[in-house]
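Working notes, structure below.
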There are 2 protein chains.
Amino acid sequence: MPKRVDHEERRSQIAEALVRVAGRRGLHAVGMRDVAAEAGVSLRLVQYYFGTKEKLLLYGLRHLTDRFTARVGARLRAEDRDPGPRATAEALLLTSLPADEESRIFHLLYTSYAILSVTDEALAAQPFIDSPDAAEDALTGLLRRAQEAGLADPGVDARTEAIGLLAMAAGMGTSILVGQRRPESAAEVLRHHLDRVFTSPTP
Amino acid sequence: MPKRVDHEERRSQIAEALVRVAGRRGLHAVGMRDVAAEAGVSLRLVQYYFGTKEKLLLYGLRHLTDRFTARVGARLRAEDRDPGPRATAEALLLTSLPADEESRIFHLLYTSYAILSVTDEALAAQPFIDSPDAAEDALTGLLRRAQEAGLADPGVDARTEAIGLLAMAAGMGTSILVGQRRPESAAEVLRHHLDRVFTSPTP
DNA sequence: AGCATGGTGGTACGGTCGTATTACGAAGGA
DNA sequence: TCCTTCGTAATACGACCGTACCACCATGCT
């Protein structure tokens, strides 16, 4: 056998090229030739490692979500010593706002994929549900534990609150993306709503 | 001069064909031939009335937002005698959820346009900001008046609350669109958050 | 040493898309 | 009456896209 190249690594390289060019020109506008050029390989190679464009797009979506969940996870783990539910929830929500270029691209492409999945059944079968559900569970757990510790308003339903906060963050994420709102403004709104549900510890 | 046809009406007919076919197959997948076929006219006619595809898309966006603001306005005006700020706010937020087919299509296409506007500068110049800002002002005013009337928690900032509620509704709208959440569930979450800010009139 | 095989490149093919071109009927003003 | 102009049609053109096909290395087993 010849060179024996790591297929998974090659696929990752090409997928990142896809993310870059799609972040620049929009997911709808990327062709296989663009991806190949951005990755510095020939068109034939993209075909070789992915076969069809649909498979390339599906792989790109998984690559994107993987990278982002890893990023959020790292951000959460970066807090030395558990800083309490409020700070954790705040980090969880604020990290998912499109503040820097990387998360801007993530939001843009994730939303593009989501919209595409409405009319494309191959995309609809992909794990669009998993990541949001995980975030919802995590935030709900955070709120529950805060309530039990007397750090959060016990009068609210934790899951309803979590759903609302996540939807709020997602909605403002889109607003930021289209230039309607600045990231700091969105963060302020989120913190304001967190202040409401997280009460200061009353003895 | 010959037949003298109403250009604006023709454009509306074609734009509605665009909305229909884009709602079925996705905005990215619609071509001028599809629109022509859906409208029952020749490709040449679409060219004749719009010239270029970009102009067709821009007109389609305006048509879409016009129809929807008219719809929401009608829904609000349908309440005989002002039913109070709480019911008005609830109607404003719930009407914008993609519950029936028409608003499903509206959300799908509006979000598609928004995403496109991130990478397409011709679309970015369109009035994406106006409608959301109007809704924000309306809801803020509603909350302020409710606070002054003692019907809403005076401790919250009306605009921050309005921004949060609208972002929440938009975020859950997308969730509904991709099948992650059911419309009734989203409505329940919204009502729950409205219950929080609208206090029962305490004498 | 030789050859089967994995990786790579170039390029051609069929289809579709947006746009441009050309043509023609029909109606009202001179 | 004729002719200018509006509306409508059919079709051609050039570009691009995804995919398929063919050719060429380079390597490692037998």
Discussion item. Once side chain to side chain donor-acceptor pair (under 3.5 Å) is applied, what residue pairs with a partner in residues 97-109 of chain B remain, sequence neighbours excluded?
Written reply: R71(B)-D100(B), R71(B)-E102(B), D100(B)-S103(B)

Item to complete: Mind running a 4.0 Å heavy-atom check of residues 39-51 of chain B against DNA chain D and sending the residues that fall below it, in number order?
Response: S42(B), R44(B), L45(B), Y48(B), Y49(B)

Worksheet item: Between S185(A) (side chain) and R181(A) (backbone), is there a donor-acceptor pair under 3.5 Å?
Response: no

Worksheet entry | Over all atoms of both residues, closest heavy-atom pair of I14(B) and F50(B) | CG2-CE1, 3.6 Å

Worksheet entry | Short side-chain N/O contact from H7(B) to OP1 or OP2 of dC6(D), under 4.0 Å | no

Worksheet entry | Rounded interatomic separation in angstrom, taking CD from Q13(B) and C1' from dG7(D) | 14 Å

Worksheet item: Okay, side chain of T160(B), backbone of V156(B): is any donor-acceptor separation there less than 3.5 Å?
Response: no

Just the table, please: protein N/O against nucleotides 14-17 of chain D N/O, every pair under 3.5 Å.
none

Discussion item. Can you measure L18(A) atom CG to dG18(D) atom P for me and round it to whole angstrom units?
Written reply: 11 Å

Discussion item. Salt bridge check, E161(B) against R196(B): does any charged N sit closer than 4.0 Å to a carboxylate O?
Written reply: yes

Item to complete: Could you list the residues that satisfy side chain to side chain contact (heavy atoms under 4.5 Å, CB included) with A158(B), not counting sequence neighbours?
Response: T140(B), L143(B), R144(B), Q147(B)

Practice prompt. Report the end-to-end axis angle of the helix from dA1(C)-dT30(D) to dA30(C)-dT1(D); each axis comes from five terminal pairs, and the value is rounded to 10°.
Written response: 20°

Fill in: side chain to side chain contact (heavy atoms under 4.5 Å, CB included) involving S12(A) - partner list, sequence neighbours excluded
Y59(A), H63(A)

Worksheet item: Atom CD1 of I14(B) to atom C1' of dG7(D): distance rounded to whole Å?
Response: 12 Å

Worksheet entry | R182(B)/E188(B) salt bridge by N-O under 4.0 Å criterion | no

Practice prompt. Decide, yes or no, whether a salt bridge links E8(A) with R11(A) under the criterion of side-chain N to carboxylate O below 4.0 Å.
Written response: yes

Response to the item:
Correct closest heavy-atom pair for L57(A) and Y113(A) would be O-OH, 2.8 Å

Worksheet item: Counting just side-chain N and O atoms, does R10(B) come under 4.0 Å of either OP1 or OP2 of dG7(D)?
Response: no

Worksheet item: Does S117(B) offer a backbone N or O that forms a donor-acceptor pair with the side chain of D120(B) under 3.5 Å?
Response: no

